[in-house]
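Encoded as structure tokens, the structure appears first; notes follow it.
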Amino acid sequence: MACTIIIAAAGAGKTERLIREALADPTRRVLITTYTIRNTDEITSRIIKERGVIPTNIHVERWFTFLLRDTIKPYQASFTEPFRTRAIDFNNQRPQYAKRGTEEYYYDQTANLYQDTVSDLACLINERAEGKTIRRLEELYDLILIDEMQDLASYDLEFLDLLIDSTLSVIMVGDPRQATYATSDSPKNKQYRGFGLFNWIEERRKKGLIAVEHMNWSHRCNHHICNFADALFPNQPATQSLNATTTPHDGIFFVFQEHLHTYTARFEPMVLRWSRTTIVASHLQQHAANIGEVKGCTFDRVLIYPTQPMLKYLKTKKPDDAGSKERLYVATTRARHSVAFVITKAFSSPLATAWHPEK
Amino acid sequence: MIRKIIIKNYKGYEQATIELQPTINILVGNNEAGKSTILEAVHLALTARIGRLHVSQCLSPHLLNRTVAKNYLAALHEGKPQPPPEIVIELYFETTPISASLKGTNNLLKEDTAGVRLWMHFDNDYAAEYDEHLKDAKAVHYVPTEYYKVEWLAFNGTSITQRSLKVNATLIDASKMRLQSGADYYLQRIIEESLTDAERVRLARTYADLKQTFATSAGITALNTILEQRKAHVTDKAFTLGMDTSPTSVWEASLVPHLDDLPFGHAGGGEQSMMKILLAITRNTDGSHIVLIEEPENHLSFPRLNSLVDKIGTLCEGRQVLLTTHSSFVLNKLGLKQLLLLKNQTTTRLTALPEDTQEYFKKLSGYDTLRMVLTDKAILVEGPSDDLIVQRAYRDTRQRLPIVDGIDVIAVRGLAFKRFLDIAAVTGTKVSVVTDNDGDPDAVQKKYEAYKQYAHIKICYSIDATRTTLEPQLVGCNTIEDLNAALGTAHATLADVIANIGSKAGKTDAALKIFESPHRLTMPEYITRAITWLAQ
């Protein structure tokens, strides 16, 4: 089996694992690709920190850059004019009236591709070129490593199937529990969005197309946080905490708004909010970050402004009440020692302890 | 490495496809046939440079094919606006692990292969200007290449750089040798390219160390102290002398290669040319380096050329070389099968040439095979005296020398006839052979039996077995008076004439006299037959 998918809990060290794979054998030609710019930079800088330079056998590229350079341009002639494609249009939406398979569905006026049609076109070109795209990749690389695979969706998944089918070695790591956004808004493969990716993986495992490995541990989160996060996805194996450090303030808490000043002064937590529109105490506004932006980050402590569904979950313990479980999972698993939720009125929860400055 | 070249609208080529061999390719053709253009085009597509300048700096209407430019302008003048014609040079590579990343179908043939394209075409960002330009179409007298852009692309559809291309080319043009000392760009490039990455780093580092040592030497420190004391009225800042450590100050600017302690630029042209060629072809590469050599015979004496050609032959094993030449010697030595004949924008190869014929010319490299290859029509004769007589016969019948009609008379000795005909069989050159029967016409017929199948080859000889060679033949069809008049002699009998002009020593002398004589002789029938047939 040439394809392995590694499902890694938050803080398990999955990116590290990928980098080990990449650097293991200098004779292998390796492509490392991932969806976000932030993670691409992170991988690049980690390799540079270790080796001083990106070795010539390794290419690190954003998913979109990879698609454009290696799956669209080489055989674009089987769909459109040679050399036509320029870049990706991240700003405009494809026209609603355009029909799939026509040029105006994929290309804007200046020969840039609409963002959410790129992997679609990649699959189409490979098909029209009778598999040449994949043959070329097989000639070019020995190993393809995909980090944060849970960020891929829609036709990206179709393309992953082509890679799984090829003679290439492919290792994908990711965590469907952290699937907080997607490369594409296309309705294709909607059922596999977010946490649904587990089903996609499972279907392929059952068919014997891929091997699945788990990294069920967290170097980052203590056992309180691991347990809290695991409870959101009861069907997944439990995460073992490898953070045995204890501090005077470990665990899951809720904090009343009037105690915020004292709390933040004492613990200096990282403040996380749903989005820019979330109302955050004025003294914390400068330091607050959106949950979607902190994936991959580590903080000692986090303070979360919960959404209504999150609050509901804290009361009911029913994962389906939590709204975006994926975001809640990401937010809590950033912390090493403690997670606190901001509460405005009287509250109790079977999952969290009330924090009081005098206690 | 390069399998195929396609040139579109570049200089002499409107549209040409040239297939190459992975080893040596000898480009042969008349002047203006476009040999140098091919080398230039390959170099251009592999380096994006013309000479040492980036192609965008040399973009001009002169790069465009004249016919294409003329048609474009004619259309404009007729009021049919159109986009300016594009120039395309495409190199189709062998797909190897090194070139695999360049693979794709972005090329004129939509062929799935690794390759590169240099593309000069109208830049649509200038649409408004061009529109304005066309308003007075009648006043447009050249192709507006100022609105062109240059793109250097791989068949995978993306732009390339020299570094990402991983294939390099060295162009050596011995006729344009630069002689100024120390600043020979080409030589420095060749030297630099012949070093491995590690060696290059060591050279740069050693040079940097040297600069450092110089800057901190006692002499310089003392000098800086003096300067510091004298600066008073000049500046308030520290004022010292130091070495230039900027990246532009690299070893190339200061280090000069020496030959026997003589700076390279002061060595002879031949020596320089030979060194450059040898440095380029001994470069340590993984087969991704292409050597382009213009007329290696320039500046070289015969023995030097001989040794150079030998070295090119052996050292270019596993390396692709494109070489132009006007020398039959170079061609024969490197092998006629490597030849690529350029004529009227098309190319011909001698791949069908029998192996033993190629070997024959490799060993007897003095034969003028190139004349045979380049001419449209040829008459093969036995030696210098036959050459003169045939030329005279031609002038007698057609009032001009054969060369004026594009007919080359080539003197070939005995055994080589068949070898030359092997070449003609492949090139399709129209050839008549004028040969002695040596007393056995049947033997002659048998000897050339194999060439009967070719309509463009004709063997002419006399069936009169008693007149074995040209001289008895001449005597046979002329009176004693005519012969005496033409030769300026007073022989009594025809036997005397034969005795005189048939001797080895007298032959050429006599032929020269006949050639120059105002008195016209009757020429043997087989000679006029050869001429008439060829002139048809």
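Sequence lines set the chain letters: A, B, ... in the order given, protein chains first and strands last, and positions in each chain run from 1.
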Taking everything shown except [X] itself, do over 12 heavy atoms lie less than 6.0 Å from its [atom1]?
X	atom1	answer
A:I37	CD1	no
A:K190	NZ	no
A:R100	CZ	yes
B:Q82	CD	yes
A:Y105	OH	yes
B:E86	CD	yes

*asked:* Rounded to the nearest 0.5 Å, what separates atom CG in A:L137 from atom OG in B:S101?
replied: 11.5 Å
*List in chain and number order the residues that pass salt bridge (Lys or Arg N to Asp or Glu O under 4.0 Å) with A:E213, two or more places apart in sequence or in another chain; answer none if no residue qualifies.*
A:R17
*Without hydrogens or angle criteria, can the side chains of B:N156 and A:Y75 be said to hold a donor-acceptor pair below 3.5 Å?*
no
_Please check: side-chain N/O of B:N106 versus main-chain N/O of A:F83, any donor-acceptor pairing under 3.5 Å?_
yes
*State whether the side chain of A:R136 and the backbone N or O of B:G104 hold a donor-acceptor pair below 3.5 Å, judged by distance alone.*
no
Name, in order of residue number, those residues of [range] that have a heavy atom at a distance of less than 4.5 Å from a heavy atom in chain B; otherwise write 'none'.
range	answer
residues 65-74 of chain A	A:R69, A:K73, A:P74
residues 20-30 of chain A	A:R29
residues 160-175 of chain A	none

_Top of A:R84, A:R135, A:K132 for chain B proximity - count of heavy-atom pairs under 4.5 angstrom_ = A:K132
*With only heavy atoms counted, which part of B:K110 is less than 4.5 Å from chain A, the side chain, the backbone, both or neither?*
side chain
